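See structure below.
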2 protein chains.
Amino acid sequence: MVTIYDVAKEAGCSPTTVSKAFNNYSGVSDATFKKIMEAADKLGYTVNTNARALATKKTWLLGVLFSEDVNTGIAHPHFSEILQSFQVRAGEYGYDVVFVNKRLGNREASYLEHCKYRGVDGVLLAANKMFTDEIQSVLSSEIKCVSVETNYPNQHTVISDNRMGSLQALEYLYFLGHRKIAHIACPLTSVAGQERYSAYKEFLKSKGIEENPKYLVETNAFKAEEGIAAATQLLQQAWDDLPTAIYCGYDEIACAAMTTFRAQGFRVPEDLSIVGFDNVAISGFTTPTLTTIEQDRGAIGRNAADTLIKMIEGKELNQPLDMRIPTKLIVRNSCARI
Amino acid sequence: MVTIYDVAKEAGCSPTTVSKAFNNYSGVSDATFKKIMEAADKLGYTVNTNARALATKKTWLLGVLFSEDVNTGIAHPHFSEILQSFQVRAGEYGYDVVFVNKRLGNREASYLEHCKYRGVDGVLLAANKMFTDEIQSVLSSEIKCVSVETNYPNQHTVISDNRMGSLQALEYLYFLGHRKIAHIACPLTSVAGQERYSAYKEFLKSKGIEENPKYLVETNAFKAEEGIAAATQLLQQAWDDLPTAIYCGYDEIACAAMTTFRAQGFRVPEDLSIVGFDNVAISGFTTPTLTTIEQDRGAIGRNAADTLIKMIEGKELNQPLDMRIPTKLIVRNSCARI
DNA sequence: TTCTTGAAATAAATCCTTTTATTAACATTA
DNA sequence: TAATGTTAATAAAAGGATTTATTTCAAGAA
């Protein structure tokens with residue numbers, strides 16, 4: 001391996017000077033700088049990150065931590081898009097992204113141990129189970145964190161504006177003339193579930209519509225199967241007075257519910273209008289295509305990277321940040337005027 | 001930071017012994033071993049990867065390299081699933097996964113430079129553009145590589161059995177009575193495109209069906225829009241003698257083509273049977289749901305990890321490995337007996 | 001009792017950079 | 001001319017682990 005000693009010898013100066021040159025420190029004349037760079041090029045020198053990190057205690061590494069109980073992990077379409085833009089933006093600042101898991105060499109370990117082991121400068125947190133000891137211990141350590149799925153008290157968060165999105169969906173249905181609007185809520189253990197549900201209640205109140213418990217179904221997971229069960233349950237409990245529209249907290253659930261309704265003989269959107277949330281890939285391909293709320297995952301990832309790096313580089317954020325990324329209504333074909 | 005010196009003092013032994021204990025080397029008595037572990041626990045010691053890597057020249061880091069010109073990057077559903085299983089398996093062996101990009105600190109760099117900079121022990125290559133200088137330079141360096149999208153000459157590859165999958169799709173159509181089978185090929189610049197196309201030709205030959213150039217359309221990208229264009233083109237060029245079935249090299253293209261055909265008044269599957277390839281999420285949600293070929297992405301990721309780690313750990317693979325992962329026919333509703 | 005042998009333990013060197021003092025050389029000011 | 005200041009360059013220590021070569025010590029053999 002080529003070291004700064006080799007470069008120094010080639011350039012006819014000391015290793016210290018080579019180091020300074022590569023770090024753009026002052027105290028290196030233009031002539032020497034040039035000689036050093038030429039020597040480095042010639043020898044094919046690359047700085048050794050490990051030695052550098054050892055000396056500086058800075059790794060230029062950001063950890064990504066996602067709960068693996070969601071067995072899809074990175075493969076989750078929502079998160080993978082956030083991760084993609086996070087990773088690109090982090091790269092622009094010179095940071096690399098590494099996955100944090102619950103292992104250390106050949107044994108089980110905690111996330112925190114893993115972070116310390118790798119010496120990450122900061123962590124992107126993407127856990128949708130809100131509170132686990134594992135994650136708490138990372139949050140309460142001195143490691144810088146930004147969360148993109150859940151907003152933890154006193155922690156920096158970058159997350160979609162669930163209230164805004166819900167109101168966009170609901171106002172649209174209201175505009176189309178709907179007054180009997182049901183809600184299939186995504187899991188209330190998640191922040192998304194909670195916020196979308198409470199926006200639903202807020203909306204009804206603001207329009208002077210009374211809450212009807214028969215128009216509410218709660219699901220237990222962000223999965224298609226839950227949509228089938230929810231649709232069935234909704235039909236049962238509201239049989240005598242069916243809603244004309246459904247606001248559904250998550251696209252996959254909405255799509256599965258839509259299929260179920262159609263299988264029961266309902267026409268969408270003629271008999272039943274449906275709005276989803278998330279704008280995942282499938283929603284553009286269902287019959288009918290799904291009207292939904294788009295999350296700006298690129299913006300979430302980028303802002304998360306910006307925030308995390310600001311913290312790392314000591315630009316103090318004066319208060320825990322709860323950044324909300326605006327959502328957008330995507331009108332397709334699953335809603336009709338009543 | 002707690003070091004082996006601190007642990008040594010606490011345990012009443014030398015740093016060397018602590019190091020040996022943590023590496024499970026011989027020459028540490030049971031009693032001392034126990035004392036060391038207790039001391040380490042008490043002080044909250046974690047080994048410093050950077051120091052270790054500096055001394056051993058081994059980082060326990062695997063790089064993931066994917067061409068970013070596919071602007072979706074990790075967010076691509078196919079690749080993100082492979083990556084997920086790769087990452088989990090690598091973790092079981094004690095390796096962490098880091099993204100490799102084309103930057104180094106604040107300047108542009110090559111993939112190879114980045115790999116050397118991070119000192120990765122090996123690289124997972126997921127580029128579908130076959131040959132670029134960038135990638136060639138990594139392949140011809142001494143860095144261990146496994147490829148999961150493209151099979152490069154004399155390199156280890158883990159990839160789906162495109163021939164098998166194609167024949168499964170085509171035999172199924174044949175079994176349903178179809179003889180006029182068209183092919184919408186995915187980009188022939190990709191290995192997937194090439195192999196699926198050549199299997200199509202092989203199939204026709206084996207059945208004694210003459211190749212009809214009107215029944216072939218080539219696309220330029222793995223994108224839905226290409227499916228629309230391809231469907232339109234197919235209808236134009238084969239208008240006088242339409243095929244009864246279409247084997248389509250990629251699901252998204254198949255779905256978009258299907259939508260286009262239906263918009264033109266064709267019934268699927270009554271007028272036209274369609275088979276895709278990949279089993280991406282949307283194919284279970286289209287109308288009709290799409291019959292397709294499933295790739296075992298979990299197996300690809302796991303086998304890639306196994307292979308790469310074997311290479312790293314010096315278990316020589318006697319020859320460049322071209323591992324083919326079996327595919328599976330998923331029968332849904334887009335095909336009918338003629 | 002002395003000598004061997006082997007296991008357990010350690011000292012010191014090494015891996016490559018960064019950083020903190022220092023030094024050297026030269027220009028400026030009084 | 002002497003004193004001061006500035007810039008360029010360097011020597012040496014530090015960072016935390018591993019590794020090689022030694023040493024220590026106790027048990028077994030002669």
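Naming: A, B, ... by sequence-line order, numbering from 1 per chain. For clarity, every value in this text was computed on a predicted model and none was experimentally measured.
Side-chain rings of A:Phe99 and B:Phe99 approach one another, their centers coming within less than 6.0 Å.
In this structure, A:Lys57 reaches the sugar-phosphate backbone alone: every heavy-atom distance under 4.0 Å involves primed, P, OP1 or OP2 atoms, never a base. At the heavy-atom level, B:Thr17 lies under 4.0 Å from base atoms of the strands shown. Among the atoms of the strands shown, base atoms are found under 4.0 Å from some heavy atom of A:Tyr5. Within the 4.0 angstrom heavy-atom criterion, no nucleotide atom of any strand lies near A:Thr49. Counting any heavy atom pair closer than 4.0 Å across all strands shown, A:Phe33 reaches no nucleic acid atom. No contact: B:Val18 has no heavy atom under 4.0 Å from any strand.
With distances taken from any side-chain atom of B:Cys13 to the nucleotides C:dT10, D:dA9, D:dT19, the minimum falls on C:dT10. Closest to the side chain of B:Ser19, out of C:dC16, C:dT18, D:dT19, is D:dT19. Among D:dA11, C:dT18, D:dA17, the nucleotide with an atom closest to any side-chain atom of A:Ser14 is D:dA11. Comparing C:dT10, C:dT17, D:dT10 by their closest approach to the side chain of A:Val47 singles out C:dT17.
Rounded to whole angstrom, the span from the NZ atom of B:Lys9 across to the P atom of D:dG16 amounts to 13 Å. Atom CG in A:Leu54 sits about 9 Å away from atom C1' in C:dC16, given to the nearest Å. Between the P atom of D:dT18 and the CH2 atom of B:Trp60 lies a distance of 12 Å, rounded to the nearest Å. Residue A:Asp6 contributes atom CG, which lies 11 Å from atom P of C:dC15 at whole-angstrom precision. Atom P of nucleotide C:dT17 and atom CZ of B:Arg52 are separated by 21 Å, given to the nearest angstrom. Taking atom OH of residue B:Tyr45 and atom P of nucleotide D:dA17, one finds them 4 Å apart after rounding to whole Å. Between the P atom of C:dA11 and the CD1 atom of B:Ile4 lies a distance of 12 Å, rounded to the nearest Å. Atom CD1 in A:Ile36 sits roughly 12 Å away from atom P in C:dT18 (whole-Å rounding).
One finds a side-chain N or O of A:Asn23 lying less than 4.0 angstrom from the OP1 or OP2 phosphate oxygen of C:dT18. A close approach under 4.0 Å does occur between a side-chain nitrogen or oxygen of A:Thr32 and OP1 or OP2 of D:dA9. For B:Tyr25, no side-chain nitrogen or oxygen approaches OP1 or OP2 of D:dT18 to under 4.0 Å.
For C:dA11, the base has a donor-acceptor partner in the side chain of B:Thr16 [N/O atoms by modelled type, under 3.5 angstrom]. For B:Lys20 against C:dT10, a side-chain N or O and a base N or O form a donor-acceptor pair under 3.5 Å.
Counting heavy atoms from C-beta on, the side chains of A:Val47 and A:Phe22 never come closer than 4.5 Å.
DNA chain C is contacted by both B:Gly12 and B:Ala51; B:Gly12 maps to the nucleotide lying nearer its 5′ end (nearest heavy atom per residue).
Under the 4.0 Å criterion applied to side-chain N and carboxylate O atoms, A:Glu113 and A:Lys116 are not assigned as salt-bridge partners.
For the residue pair B:Ser147 and B:Thr150, no side-chain donor N or O sits within less than 3.5 Å of a side-chain acceptor on the partner.
Formation of a donor-acceptor pair under 3.5 Å by the B:Asn101 side chain with backbone atoms of B:Arg103 is found in this model.
Using the six-membered ring where Trp is involved, B:Phe66 and B:Phe79 have ring planes that are tilted, between 30° and 60° apart.
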